[in-house]
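Below is one structure, written out as structure tokens, with a few remarks after it.
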Amino acid sequence: MSTLTYPEVGATRLGPLPGGYHHLHHRAPVGSGRAAFEAAGTTVTEWRMHRAAGAGVNASAARAAAGVLVDVSAGVGRFRVIAPCEVVWAVYESHRIGFAYGTRARHPERGEESFVVELADDGTVWFTVTAFSRPARWYARLAGPLVPLAQRWYARRLGNVLRRSVSAA
């Protein structure tokens, strides 16, 4: 029995993104070559990217796979927000590595977000964040238009963290 809070499970993988949600699509180059691709894929799927970006991550497995439960948190003390998620799909292919998680009960939003690294034919390593979401809790509704701005900022931050991580590898 699924504990996900939205019916469009898998839409970040198969598309199109469903109506009635805020959509996010961020794509950025993070490196070049097979070694950079492998390093980026590992950083994304072993939760290192989120942790390096300052998020707390408590996952039921060391690596993303369908069914893995993940609590992502941000903030401090009484202002710490915990976002319960479940990995709904993961891909480990020769030119594409990543996963998506969907929201569970008590998550401030309702929807899905994917984090994918791709190795292009020219050797460029691309990082893409795709998401659809809408408020599920009173404080997310109260934040209104600030939530999409924060999501875009966080997607750019993840790309920058991943780029630095790959260049240090």
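Index from 1, following the sequence. The figures that follow rest on heavy atoms only: side chains count, while hydrogens, waters and symmetry mates do not.
- Judged by distance alone, with hydrogens and angles left aside, the side-chain atoms of Trp47 form a donor-acceptor pair with the main-chain N or O of Ala61 at under 3.5 Å.
- Counting heavy atoms from C-beta outward, Leu158 and Phe115 have side chains that approach closer than 4.5 Å.
- Residues Val91 and Arg13 are in side-chain contact: their nearest non-hydrogen atoms beyond the backbone lie under 4.5 Å apart.
- Counting only heavy atoms from C-beta outward, the side chains of His107 and Thr5 never approach each other to under 4.5 Å.
- Val68 and Ile82 are members of different hydrophobic clusters when ILVMFWY side chains are connected at heavy-atom separations under 4.5 Å.
- Atom CZ of Phe132 sits about 11.5 Å away from atom CZ of Arg110, to the nearest 0.5 Å.
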Quiz item: Between Val147 and Glu109, does a side-chain contact (heavy atoms from CB on, under 4.5 Å) hold up when you go through it step by step?
Solution: CA-CA 9 Å; Val147 173; Glu109 295 282 310; 3.5 Å; yes
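- Remark: Asp121 CG is loosely packed, at most 12 non-hydrogen atoms of other residues, nucleotides or ligands lying under 6.0 Å away.
- In plain terms, the two heavy atoms of Ala11 and Leu17 that are nearest each other are O-CD2, 3.8 Å.
- With 3.5 Å as the limit, one finds no donor-acceptor pair spanning the side chains of Thr124 and Ser32.
- Summarising the geometry of Tyr21 relative to Pro7, their closest heavy-atom pair is OH-CD, 4.0 Å, with the distance given to 0.1 Å.
- Side-chain N or O atoms of Arg106 include none that pairs as donor or acceptor with a backbone N or O of Ala83 at under 3.5 Å.
- Note that SG of Cys85 is 7.5 Å distant from CG of Asp71, once rounded to the nearest 0.5 Å.
- How far NE2 of His95 is from CG of Leu119: 5.0 Å, rounded to the nearest 0.5 Å.
- To the nearest 0.5 Å, the span separating OG1 on Thr3 from CG on Leu69 amounts to 6.5 Å.
- Residues Glu112 and Val88 are in side-chain contact: their nearest non-hydrogen atoms beyond the backbone lie under 4.5 Å apart.
- For the atom pair Glu8 CD and Leu14 CG, the distance stands at 12.5 Å (nearest 0.5 Å).
- The side-chain heavy atoms of Val117 and Phe37, taken from C-beta on, include a pair separated by under 4.5 Å.
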Quiz prompt | Full working for side-chain contact (heavy atoms from CB on, under 4.5 Å) between Val129 and Leu24 | solution = CA-CA 7 Å; Val129 178; Leu24 170 68; 4.1 Å; yes
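- Scanning both residues, Tyr154 and Ala55, for their nearest heavy atoms gives OH-CB, 3.5 Å.
- Considering all non-hydrogen atoms of both residues, Gly33 and Val125 come closest at O-CG2, 3.6 Å.
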Exercise. Take Arg96 and Val116, measure what side-chain contact (heavy atoms from CB on, under 4.5 Å) needs, and give me the verdict at the end.
Key: CA-CA 7 Å; Arg96 190 168 185 252; Val116 177; 3.7 Å; yes
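- For the pair His22/Gln151, a side-chain contact is recorded, criterion being any heavy-atom separation below 4.5 Å from C-beta on.
- The shortest distance between side-chain heavy atoms of Arg152 and His26 does not fall below 4.5 Å.
- Heavy atoms only, all atoms of each residue included: Val30 and Gly159 are closest at CG1-O, 3.7 Å.
- The aromatic rings of Phe99 and His50 lie tilted to each other, with the angle between the two planes from 30° to 60°.
- Side-chain atoms of Tyr6 and Arg104 form no donor-acceptor pair, as typed in the model, at a separation below 3.5 Å.
- Residues Ser114 and Tyr101 are not in side-chain contact: their nearest non-hydrogen atoms beyond the backbone lie 4.5 Å or more apart.
- With no hydrogens or angles considered, a side-chain donor-acceptor pair links Arg80 and Ser73 at under 3.5 Å.
- In the model, Thr12 has no side-chain atom that pairs as donor or acceptor with a side-chain atom of Glu113 under 3.5 Å.
- Judged by distance alone, the side chains of Asn160 and Arg163 do bring a donor and an acceptor atom under 3.5 Å apart.
- One hydrophobic cluster, built from ILVMFWY side chains closer than 4.5 Å, cannot hold both Leu162 and Trp126; they sit in different ones.
- Remark: side-chain polar atoms of Thr42 are paired, donor with acceptor, to backbone N or O of Glu38 under 3.5 angstrom.
- For the pair Thr45 (side chain) and Gly98 (backbone), a donor-acceptor distance under 3.5 Å is absent.
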